[in-house]
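Before any comments, here is the structure.
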Amino acid sequence: MAPPGKRHRAPSTKIQVIKGRLSKFQAKYLTVDFAKRLVFDPSLLWISAILLLVAELFVNVLVIHRVPYTEIDWIAYMQEVEGVVNGTWDYTKLKGDTGPLVYPAGFVYIFTILYYITNYGKNIRLAQYIFCGFYLITLALVFRIYSKSRKIPPYMLIFICCTSYRVHSIYVLRLFNDPVAMMFLYFAINLFMEDYWTLGSIFYSLAVSIKMNILLFAPALLLAYIASQGIYGTVKHLSICAGIQIILGAPFLLTNPVAYMVGSFNLGRVFLFEWTVNWRFLSEEVFVHPGFHISLLLLHLGFLAIFASPWFRYMKSFAKLQPTGVGILSQLFLLPLFTANLIGVAFSRSLHYQFYVWYFHSLPYLLWSTPYSIWLRLCILGFIEMSWNTFPSTNVSSAMLHVCHLLIIYGIFSKRLPPKDLNVDISKNK
């Protein structure tokens, strides 16, 4: 008999247990409040990220099969690496239909692998699927950055995925090398965020070895090295970056060092006016004039100098607080990196259509670092997309692109001090 005052409890059946769990699930997740959080709460961004990654797989397969492939540089890439396959290590002799080889050694090795995988570059459809893989990997790395930093609301992932025909085209319909370099760059950023500085430096240098636009991130990264690793650590990581470039470029450096350095890291390269996205409103004479190039360089350096002090404060705070392991702290690291890259893009001597991927995935982060209203942020994003989708570029589209870049830079400058609410967010996440 049960002790006095205690009642018998009927054993719960499996059905009752399942019903109880379903009720709890319904009360917690099947609510309007949770639906709103899925759309607006940065802490739940990972859920939208997974769903959109799956959706993007199907979207890219559909694009590959339904939209005709356009040949621009792929054949030239294959011709350039074919020269290396045939034993030519002199950069002056490596050429394709579009001109001489102008990318560093990492590009040669990556595209040599693709050369063999795709039957000497002839299997375009297979190459498209490989670049679809690059796209999904890049997207996953970017989503992880956004999920860790908790900076943007989940609904902005739709704008990263579904609103840019140009970006999908660059990846799976054009097969440019820019997406490959950016994939390695986002690998590096994820590693830096997790305090894997040596691995991060390796992947960063690999990204530079594919295309040197990655150097646009270098000013902010240098400050991050100094703030988090000290002088000795900075020298160490710079040596790692330089050492990888020397190792990868060794066969070319031993054959013709001047040709390799001038060909792969040509900072004085003059672009064709017909392809410019950002300077269409200028005359061709001004566009190719050395004085114009020097002016842009001085503006670039001047803006970097203006931002250097707040960036260093951000990086010192990041270095001090990173051991806490709170993901939101990565905001202190990401904003200087993305802003340095944006400044480089804004004052580039020329932007070609494939260069859009240099900063496309960081635009939502940059816009959400400004004090502007949500509607103005979305309008700026829309006008940038319009500018990159206008072919050929016009006076209006080029001018509009510059206005948008300067608005973002000004907005970030106006909020250059670390956000006051960051400490509150950190305490919530401990």
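Note on ring orientation: taking the six-membered ring where Trp is involved, the planes of Phe355 and Trp358 are parallel (angle under 30°, cut-offs 30° and 60°). Ring geometry for Phe131 versus Trp74: interplanar angle over 60°, hence perpendicular rather than tilted (30 to 60°). Below 30°, between 30° and 60°, or above 60°: for Tyr353 and Phe391 the angle between ring planes is above 60°, a perpendicular geometry. Under the 30°/60° scheme for interplanar angles, the aromatic rings of Phe303 and Phe347 are found to be tilted. Ring orientation note: the planes of Tyr135 and His361 are tilted relative to one another, at an angle of 30° to 60°. Below 30°, between 30° and 60°, or above 60°: for Phe203 and Phe187 the angle between ring planes is between 30° and 60°, a tilted geometry.
Taking each heavy atom of Val345 and Leu216 in turn, the nearest pair found is N-CD1, 4.1 Å.
Using a 4.5 Å heavy-atom threshold, the side chains of Ile160 and Tyr146 count as touching.
Considering only residues two or more places apart in sequence or on other chains, Asp73 meets the salt bridge (Lys or Arg N to Asp or Glu O under 4.0 Å) condition with none of them.
The salt bridge (charged side-chain N to carboxylate O under 4.0 Å, His left out) pairs that include a residue from residues 173-189 are Asp178-Lys211, where partners are two or more places apart or lie in different chains. Applying the salt bridge (charged side-chain N to carboxylate O under 4.0 Å, His left out) definition to pairs two or more places apart or across chains, those involving residues 185-200 are Arg144-Glu194, Lys148-Glu194.
Around the CZ atom of Phe383, the shell of radius 6.0 Å holds no more than 12 heavy atoms that belong to other residues, nucleotides or ligands. With a 6.0 Å radius and a threshold of 12 heavy atoms from other residues, nucleotides or ligands, Trp197 has its CH2 atom above the threshold.
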Intermediate values then yes/no, side chain to side chain donor-acceptor pair (under 3.5 Å), Ser387 and Thr390
CA-CA 5 Å; Ser387 298; Thr390 302; 6.0 Å; no

Could you walk me through whether Asn177 and Tyr77 satisfy the side chain to side chain donor-acceptor pair (under 3.5 Å) test, starting with their C-alpha distance in whole Å, then the side-chain angles of each, then the deciding distance to 0.1 Å, before giving a yes or no?
CA-CA 9 Å; Asn177 63 331; Tyr77 293 165; 3.0 Å; yes

Please lay out, stage by stage, how Gln245 and Ser205 fare under the test side chain to side chain donor-acceptor pair (under 3.5 Å).
CA-CA 7 Å; Gln245 297 303 316; Ser205 189; 2.8 Å; yes

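In summary, of the residues considered (Phe273, Phe287, Phe292), a ring-ring contact (aromatic ring centres under 6.0 Å, His included) with Trp279 occurs for Phe292 alone.
Inspection of the Tyr69 and Gln128 side chains reveals no N or O donor paired with an N or O acceptor under 3.5 Å. Using modelled atom types and a 3.5 Å distance limit, the side chains of Tyr356 and Glu385 yield a donor-acceptor pair.
The cationic atom of Arg377 (NZ for Lys, CZ for Arg) lies less than 6.0 Å from the six-membered ring centre of Trp368 and within 45° of the ring axis.
In this structure, Phe333 has its ring center at least 6.0 angstrom away from the ring center of Tyr314.
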